[in-house]
Amino acid sequence: MEYNFSEIEAKWQKYWDETKIFQTKEEALKKFYLLVMFAYPSGDIHMGHFRNYSVADVYGRKKMMEGYDLLFPFGWDAFGLPAEGAAIKAGIDPEHWTLGNIAVSSNTLKLLGIAFDWSREIRTCMPDYYKWTQWVFLQLFKSGLAYRKTSLANWCPVCKTVLANEQVSGGECWRCHNQVEKKEMEQWFVRITDYSQQLLDGLDTLDGWPENIKTMQRNWIGRSEGTEIDFQIEGTDKKVTVFTTRPDTVFGVTFMAMAPEHPLAKELVIGTEYEKDVLDYIKKSQLKTDIDRTSTVREKDGVFTGRYVINPLSGEKAQLWIGDYVLASYGTGVVMGVPAHDTRDFAFAKKYNVPIKVVINPKDHELNPEEMTDAYTEEGIMVNSGEFSGLPSPEGIVKVSEAVEKLGVGKRTVNYKLRDWLVSRQRYWGAPVPIVHCEHCGLVPVDEKDLPVLLPKGDIDFIPKGRSPLADCEEFMNTTCPKCGRPAKRDADTLDTFVCSSWYHIRYTDPHNDKMPFTKENADKWCPVDMYIGGSEHACMHLIYFRFVHKFLKDKGFLTSYEPATRLFNHGMVLDSKGEIMSKSKGNVVSPIKLMKEHGVDPTRLAMFFASPSEKEVLWSDAFIVGVKRFTSRFFNICSEKTKKNIGEIDFSKLTGEDKKFYVLIEKTVKKVSEDIDKFQYNTAISALMAFLNSAEKYSGNDDLLSYALKKAIMLIAPLAPHMAEELWSIAGEKESIFKAHWPTYDEEAVASELITMVIQIKGKVKAKIEVSPDMPEDEVKKIALEKVKIPECDVKKIIFVKGRLVNILI
RNA sequence: GCCGAAGUGGCGGAAUAGGCAGACGCGCCGGUCUCAAAAACCGGUGGGAUUUAUCCCUUAUCGGUUCGAUUCCGAUCUUCGGCACCA
């Protein structure tokens, strides 16, 4: 029988649709929540989506066959810049553009036969969803976690919008890759930093997350323990506080460097001879781009303020400088300069002739400041440090900190690199910030009963001008204050799309609720996500935000789980055959739709899976399809011809010879495929099925046994090639969907009883092989081995025996 | 610079609580079928030597531990990912 894929695919997709087989069961007795990162509808589905969803689909279908009640939903992360880009370029309304793309992509996804529960589809750009995104924001606001602050925001001059720190990489905008500037603006922030420690601690509970993602998040949160120390400014009643992780070097402070943005910077020099130089320097450093500012290769520079600070421990004076290598946003914005023991301070001191004072010596020799070419940053013994001299530096860190606290000039403290989350955007296509600005009452949250704050439609000028397009829409802007009732203005900004995606996993548990974002009952029934599948590029963005929002909602009592997802799997990217990212501009895009139409969905899936393990990238080549097409057609032929509905019992103990071997093979294949799918190693699962097929075609024994084995093989291939498996299942006489069949078990006795090949080595080199049963006594195996290689027992020095593996004879 | 992962035939890749390196597939070579070709099927295929039922070499490179190392340890090289003046 010919394998007519297009007919078979259409038939079974229709069947799945009509029988609603993939619709989530409400009772969920044995729940499994499988989640794929939802899609940005930028056009049609590409190979990356195809791989992501197919990999998840295999996993989900196997779970179904294992008897789990599966929640496997899909949706659209539908707000965001590209829709506005299309509006500007082509004059299309962003909503029209977005919904059009969703329609096209949904159709494609349905043709791909992914087992999504489409009845739970969500679209973040629709009022029934963003109403609740606004609700989430209001909870944050009411808890004091959403606040406005004027700050130097990352500003992308091309997208004309602000960006969160996470959206700037290497000084470039994550979307358009143009250089980001700094711009002073009043913005909405979310106090994610209140959760720094919780987000860090939570990682230790996430055993099912890849280590590299957890490491990236740990580094991103960037916890460091240290000590804050106050230095009095000479001749004033003011003091500056520094944060240091090396209080053991405090006696080596010869200068102090302050960030140009520090509130005291200007104040300290006003009216002095240093005023002009310092103000010029501050102005200059603000004009520098982030790339210049944060480049580690750039020569450090600074300007002297004419002021001195007093070291609270040594009583020594140190020069106070302004230097733009000091970050205002980390620690206290002031750094104590210890040239002898810090690389940056050393470079700075050398440039400006600041004294270098050694306070830590290596164990074996003494440092001479004049001869040093580099800072000594290792551990050592404290010197020139008063009562602390002679202490090993790790101990010094503790002792100096204690002294600082005792003197009342500082305290031990913890710092994090994590910054607050900037959530406002000066764009149209997003969820409006549900806040009213009232002259009398200040910032007033919109009443929950008045949500959503609808995004106005119609005549909106989308051209980016550096302020929100909504600001010009008077109809939208003019409102009344929910508190005092007087005329007031709406907030003109919209929320970052990462706010929309920070809670979508919970909305899926109750997607049509119009009274609440979700019920606690439903959230707790399904959450946490049991397996979350997506790319690793979101490690420090979405994957932190959604953990934060989940924890926040938990703390507010809206749900019970501490983490949104217990297991995470990152699939690799699909690249072109040269290893480059596929993009329209390069013209190297491979279309999954074209492949699917030409070869069928199942062969295309199999080719993708077989090409490489799922977590690795795959350099796509159409040649991958050749082998699996031969395989599918051979598999289809033998199964459609040799399976029978009724077969007699297979009694392993009565099998012999070829029959026994073949039976053991199918049982072993069940074990292998089951384990490999659980590990996302679909490539080896497929090769095990190929090896089985090779033997099945050669097998010429018992028809019942062959049919028994083939039906097991059909079930094994079902998650990987679902349409073909359904067809073969029905040809085999089965009436129900194969996805209602139970995932096959294997005969452990048979798998364990298989004859094993033992290797006979002489001095570690393979000389012969013997087949023995696994329970043959050691002495007997040794005897056979010696006979086999014709070595008399008297020549043997030693025999190494590894059960079930080998015999190594030393002579 | 720091942290992490990886390096296996012509290619994708398999095998690591240390135990037959190269499963499975692509490609290639030979064959069957055919007037011929394609498709399909069958056989062969890491490299080298050879007296061809034989031997040597081989998992980035060099060393170590071991009866035995792709797997463990150390050094070096390369590639990829992340962080990058975080005091």
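Each chain gets a letter, A, B and so on, in the order the sequences are listed, and its residues count up from 1. Quantities reported herein were computed from a predicted structural model and do not represent experimental measurements.
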Would you indicate what [X] reaches in the nucleic acid, counting non-hydrogen atoms under 4.0 angstrom: base, sugar-phosphate, or nothing?
X: A:Asn683; result: sugar-phosphate
X: A:Asn415; result: nothing
X: A:Phe631; result: nothing

Base [N] paired with [X] side chain (donor-acceptor, <3.5 Å):
X: A:Lys798; N: B:rC67; result: no
X: A:Glu211; N: B:rG4; result: no
X: A:Asn808; N: B:rC67; result: yes

Exercise for the section: First locate atom CD of A:Glu580, then atom CG of A:Leu619, and finally report the distance between them rounded to the nearest 0.5 Å. Expected result: 10.0 Å
Just name whichever nucleotide pairs with [N], Watson-Crick or G-U, keeping both distances under 3.5 Å, else none.
N: B:rG18; result: none
N: B:rC80; result: B:rG4
N: B:rC11; result: B:rG25

Whole-angstrom distance between [N] and [M], as gauged at atom [atom1]:
N: B:rA60; M: B:rC11; atom1: P; value: 14 Å
N: B:rC41; M: B:rG47; atom1: C1'; value: 30 Å
N: B:rU76; M: B:rG27; atom1: P; value: 43 Å
N: B:rU71; M: B:rG81; atom1: P; value: 26 Å
N: B:rU16; M: B:rC77; atom1: C1'; value: 23 Å
N: B:rG7; M: B:rA17; atom1: P; value: 16 Å
N: B:rC57; M: B:rA5; atom1: C1'; value: 30 Å
N: B:rU65; M: B:rC72; atom1: C1'; value: 8 Å

Between [options], which nucleotide has the shortest distance from any of its atoms to the side chain of [X]?
X: A:Arg630; options: B:rC24, B:rG27, B:rG43; answer: B:rG27
X: A:Pro613; options: B:rC20, B:rG12, B:rA14; answer: B:rA14
X: A:Phe243; options: B:rG25, B:rA87, B:rC83; answer: B:rA87
X: A:Ile800; options: B:rC67, B:rA40, B:rA15; answer: B:rC67
X: A:Val759; options: B:rG13, B:rC20, B:rC26; answer: B:rC20
X: A:Ser687; options: B:rC83, B:rA23, B:rC3; answer: B:rA23

Please state how far atom [atom1] in [X] lies from atom [atom2] in [N], giving the value in whole angstrom units.
X: A:Tyr416; N: B:rC83; atom1: OH; atom2: C1'; value: 19 Å
X: A:Asp622; N: B:rC11; atom1: CG; atom2: C1'; value: 15 Å
X: A:Tyr330; N: B:rA84; atom1: OH; atom2: C1'; value: 13 Å
X: A:Lys417; N: B:rC3; atom1: NZ; atom2: C1'; value: 10 Å

Give a yes or no on whether the backbone of [Y] and the side-chain of [X] come within a donor-acceptor separation of less than 3.5 Å.
X: A:Gln319; Y: A:Thr254; value: no
X: A:Tyr352; Y: A:Gly302; value: yes
X: A:Asp602; Y: A:Met724; value: yes
X: A:Thr332; Y: A:Thr241; value: yes

Exercise for the section: Have a look at B:rG9 and give me syn or anti from its glycosidic angle (syn if within 90° of zero). Expected result: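 Syn, angle within 90° of zero.
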Problem - Close side-chain approach of A:Phe50 to A:Met608, heavy-atom, < 4.5 Å - result: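 In short, these two side chains touch, coming nearer than 4.5 Å.
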Handout entry: Pairwise 5' ranking along RNA chain B for A:Arg634 and A:Thr245, keeping only the more 5' one
Key = A:Arg634
Problem - Pair A:Asp676 + A:Lys672: basic N to acidic O under 4.0 Å - result: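 Yes, A:Asp676 and A:Lys672 are salt-bridged.
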